[in-house]
Amino acid sequence: MFKLSDVYAAAGQPFPPETPDPDIPAAHFDSRRIQPGMLFVALPGARVDGNDYIGDALSRGAAATLGSRAVAEHPAWRQVTAPDALAAFQQLARGLRNRSRATFVGVTGSNGKTSTKQALAAALGAHGRTLATDRSENTDVGVPTTLSRLRPDHRFAVIEMGAQVRGEIESYCRVAAPDAAVVTSISGAHIGLFGSIENIVQAKSELLTGLSANAPAVLPADSRWLPQLRARAPGPVLTFGRDPSADIVVNGRVTLDGTTISLDTPQGPGQVHAPGIAGPIDLVFGAAAATVQALGLDLQPALDALHSFQPAPHRMTLRRTPAGATLLDDTYNANAASMLAALDTLAQLPVEGRRIAVLGDMLELGDESPRHHHRVGRAAVESDILIAIGQDAAKIVKGAQEAGLPGDRIVLLSATLNDADSLNSARESLQTYLRDTLHPTDAVLLKASNGLGLGPIADALSES
């Protein structure tokens, strides 16, 4: 909650005399998300310029806009301008954060950021009103968008932070000033953007170096990069993971209706059942439990709250077809580490029929892409059927064949990602194949980067 005068101040503009100064509940950078009374932040983008939608946002009831220009058909006092609207927005958010008495928890990592953020929101919510990043708004504009929703009665704020280059998370920390940090994992996600795994470690570590002295950090015990992460943490460290050396040891047992997670913690043992969820949800809950512990809070209310946790759509979700086949829908995104975890989960599902792995392209891997697709293909050898789809599908197939998967158990659906007709044809073939061949006792994993668009296929199979 902030006032229009705060927006003027953040933009370095004098507040016009005799101007209304309404309370503004939140801000957003997408005019379609604007509700009456909100601030619309107009930013130039790769495909569209938000300044072109200032009139639309005001017509939708926006209290004001913040951009680089104004439109004549609406009152000038409702349109705050700045040479750099993003910098002004971040300045506004920094002021809101500085006024807040909440405890701020920053979350980053190569995999599991969004699910961990949501689990943290549920766990901390058991101890007080908690603000959390909406969807995956973890960018330079997403972080201040989250902070714009701060209220005086928020006790906690969970801020997800993504990165594609070094220095990004450092800049987010200057805005959000986290009181605690959670690093979920380190892997080669986006390695094509960072150039090396070492650069990824450096980038994720910016959340740790952005902490003040004695601020706690929650780190993955199973990561080979734990020593480097621990060395960068300025305060106490609490670890989580499946390794017995972790401070919070987790173990997950997957069934067709969900996952039961057992936790061994300094506050004693605990257990949570997560209906409708599979995959590495045990690590997600372990990170949440470790954060609760690191903040000196009672763990049991947090575990009770996690019983009703639901991940964001298309993340580790167990679904059913009308005929009864099991779908493991993890179509939101993919990299080699999450692919291997998903295949491991498929192998654990106690099904009587076939285990079918539908694996698509992993994007943003750069020069490492052929090696990682080949590696994932080799890991798919335990599947009864492999369906590889996309531009790099042949590399997945080659890895599976070299590992010993017979050709009559492989389906190759090649597609060119920048050719809409090619990609749509491959997706239609995939959906038809699964609809016609799935048995009630089968389980099928759907996994690829979001750009491949497998989410709608999971939806269609669940509804058909």
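Each residue takes its place number in the sequence, starting with 1. Computed from a prediction, not measured in an experiment: that's the story for all the values here.
- For the atom pair Glu206 CD and Ser171 OG, the distance stands at 8.0 Å (nearest 0.5 Å).
- When side chains are defined from C-beta on, Leu328 counts as touching Leu318, because their heavy atoms get closer than 4.5 Å.
- Side chain of Arg375 to main chain of Leu340: no donor-acceptor pair is present (N/O by atom type, distance under 3.5 Å, no hydrogens or angles).
- Using a 4.0 Å cut-off between charged side-chain N and carboxylate O, Arg97 and Asp179 make a salt bridge.
- At a threshold of 4.5 Å between non-hydrogen side-chain atoms, the residues Thr437 and Ile385 do not count as touching.
- Separation of the Phe285 and Phe309 ring centroids falls under the 6.0 Å cut-off.
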Given Ile457 and Thr331, is the side chain to side chain contact (heavy atoms under 4.5 Å, CB included) satisfied, shown in steps?
CA-CA 9 Å; Ile457 295 176; Thr331 57; over 6 Å; no
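- Between Phe29 and Thr139 the shortest side-chain heavy-atom distance does not fall below 4.5 Å.
- A salt bridge (Lys or Arg N to Asp or Glu O under 4.0 Å) with Arg242 holds for exactly one of Asp282, Asp344, Asp222; it is Asp282.
- In terms of modelled atom types and a separation under 3.5 Å, the side chain of Ser383 and the main chain of Ala380 share a donor-acceptor contact.
- Using a 4.5 Å cut-off on side-chain heavy atoms (C-beta onward), Pro178 and Cys173 make contact.
- In terms of heavy-atom proximity, Ala82 sits nearest to Ala88 at CB-CB, 4.1 Å.
- Atom OG1 of Thr108 and atom NZ of Lys113 lie 5.5 Å apart (nearest 0.5 Å).
- Across all their heavy atoms, Leu343 and Ala357 have their closest contact at CD2-CB, 3.8 Å.
- When atom types are taken as modelled, the side chain of His439 and the backbone of Thr441 share no donor-acceptor pair closer than 3.5 angstrom.
- Looking only at atom types and distance, the side chain of Arg320 has a donor-acceptor partner in the side chain of Thr326 under 3.5 Å away.
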Please determine whether side chain to side chain contact (heavy atoms under 4.5 Å, CB included) holds for the pair His372 and Asn335, giving the CA-CA distance in whole Å, both sets of side-chain angles, and the decisive distance to 0.1 Å.
CA-CA 8 Å; His372 284 304; Asn335 54 54; over 6 Å; no
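- Taking every heavy atom of both residues into account, Ala157 and Leu150 meet most closely at CB-CD2, 4.4 Å.
- Side chain of Gln391 to backbone of Leu417: a donor-acceptor contact under 3.5 angstrom is found.
- The CH2 atom of Trp225 sits 8.5 Å away from the CD1 atom of Ile186 when rounded to the nearest 0.5 Å.
- When only modelled atom types and interatomic distance are considered, His273 and Thr260 share a side-chain donor-acceptor pair under 3.5 Å.
- In this structure, Asn251 CG and Thr259 OG1 are separated by 11.0 Å, a value rounded to the nearest 0.5 Å.
- If you take CG on Leu454 and CG on Asp459, they are separated by 11.0 Å, rounding to the nearest 0.5 Å.
- The heavy-atom pair separating Ala85 from Gly67 by the smallest distance is CB-CA, 3.9 Å.
- With hydrogens and angles disregarded, no donor-acceptor distance shorter than 3.5 Å links the side chain of Lys204 to the backbone of Ile200.
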Dump the intermediate steps for side chain to side chain donor-acceptor pair (under 3.5 Å) on Ser338 and Lys447, then the final yes or no.
CA-CA 9 Å; Ser338 65; Lys447 178 75 172 169; 3.3 Å; yes
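- Here the side chain of Glu368 pairs no donor or acceptor atom with the backbone of Leu365 at under 3.5 angstrom.
- Proximity of a side-chain donor or acceptor of Thr291 to a complementary backbone N or O of Ala287 within less than 3.5 Å is detected.
- Checked for salt-bridge contact, Asp56 and Arg32 miss the test: no charged N lies under 4.0 Å from a carboxylate O.
- Annotation for Thr184 and Gly112: closest pair CG2-O, 3.9 Å, computed over non-hydrogen atoms.
- For the residue pair Glu402 and His374, a side-chain donor N or O sits within less than 3.5 Å of a side-chain acceptor on the partner.
- Under the 3.5 Å distance criterion, with hydrogens and angles disregarded, no donor-acceptor pair is assigned to the side chains of Asn138 and Ser136.
- Between the side chain of Arg232 and the main chain of Thr209, no donor-acceptor pair closer than 3.5 Å is present.
- Within a 6.0 Å sphere centred on CZ of Arg253, heavy atoms belonging to other residues, nucleotides or ligands number 12 at most.
- Using a 4.5 Å cut-off on side-chain heavy atoms (C-beta onward), Thr65 and Asn51 make no contact.
- Between the side chain of Gln90 and the backbone N or O of Val175, no donor-acceptor pair lies under 3.5 Å.
- Partner of Gln431 under the side chain to side chain contact (heavy atoms under 4.5 Å, CB included) criterion, out of Arg435, Arg427, Glu428: Arg435 alone.
- Within a 6.0 Å sphere centred on CD of Glu352, heavy atoms belonging to other residues, nucleotides or ligands number 12 at most.
- Put simply, the side chain of Phe156 does not reach to within 4.5 Å of the side chain of Val105, judged on heavy atoms.
- The shortest distance between side-chain heavy atoms of Leu327 and Thr321 falls below 4.5 Å.
- Residues Ser148 and Phe2 form a side-chain contact, since some pair of their non-hydrogen atoms from C-beta on lies under 4.5 Å apart.
- Between the Arg355 side chain and the Gln348 main chain, no donor and acceptor come within less than 3.5 Å of each other.
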Let's go through Ile248 and Val218 carefully: what are the C-alpha distance in whole Å and the side-chain angles of both, what is the deciding distance for side chain to side chain contact (heavy atoms under 4.5 Å, CB included) to 0.1 Å, and is it a yes or a no?
CA-CA 10 Å; Ile248 304 287; Val218 172; over 6 Å; no
Taking it one step at a time, do Leu86 and Val41 satisfy side chain to side chain contact (heavy atoms under 4.5 Å, CB included)?
CA-CA 8 Å; Leu86 176 57; Val41 182; over 6 Å; no
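- A side-chain donor from one of Ser462 and Arg319 sits under 3.5 Å from a side-chain acceptor of the other.
- Distance check: Arg354 CZ to Leu438 CG gives 7.0 Å after rounding to the nearest 0.5 Å.
- In this structure, Thr239 and Ser245 approach most closely via the heavy-atom pair OG1-O, 4.4 Å.
- Ion pair Lys117/Asp134 not flagged as a salt bridge, since none of the NZ, NE, NH1 or NH2 atoms sits closer than 4.0 Å to an Asp/Glu carboxylate oxygen.
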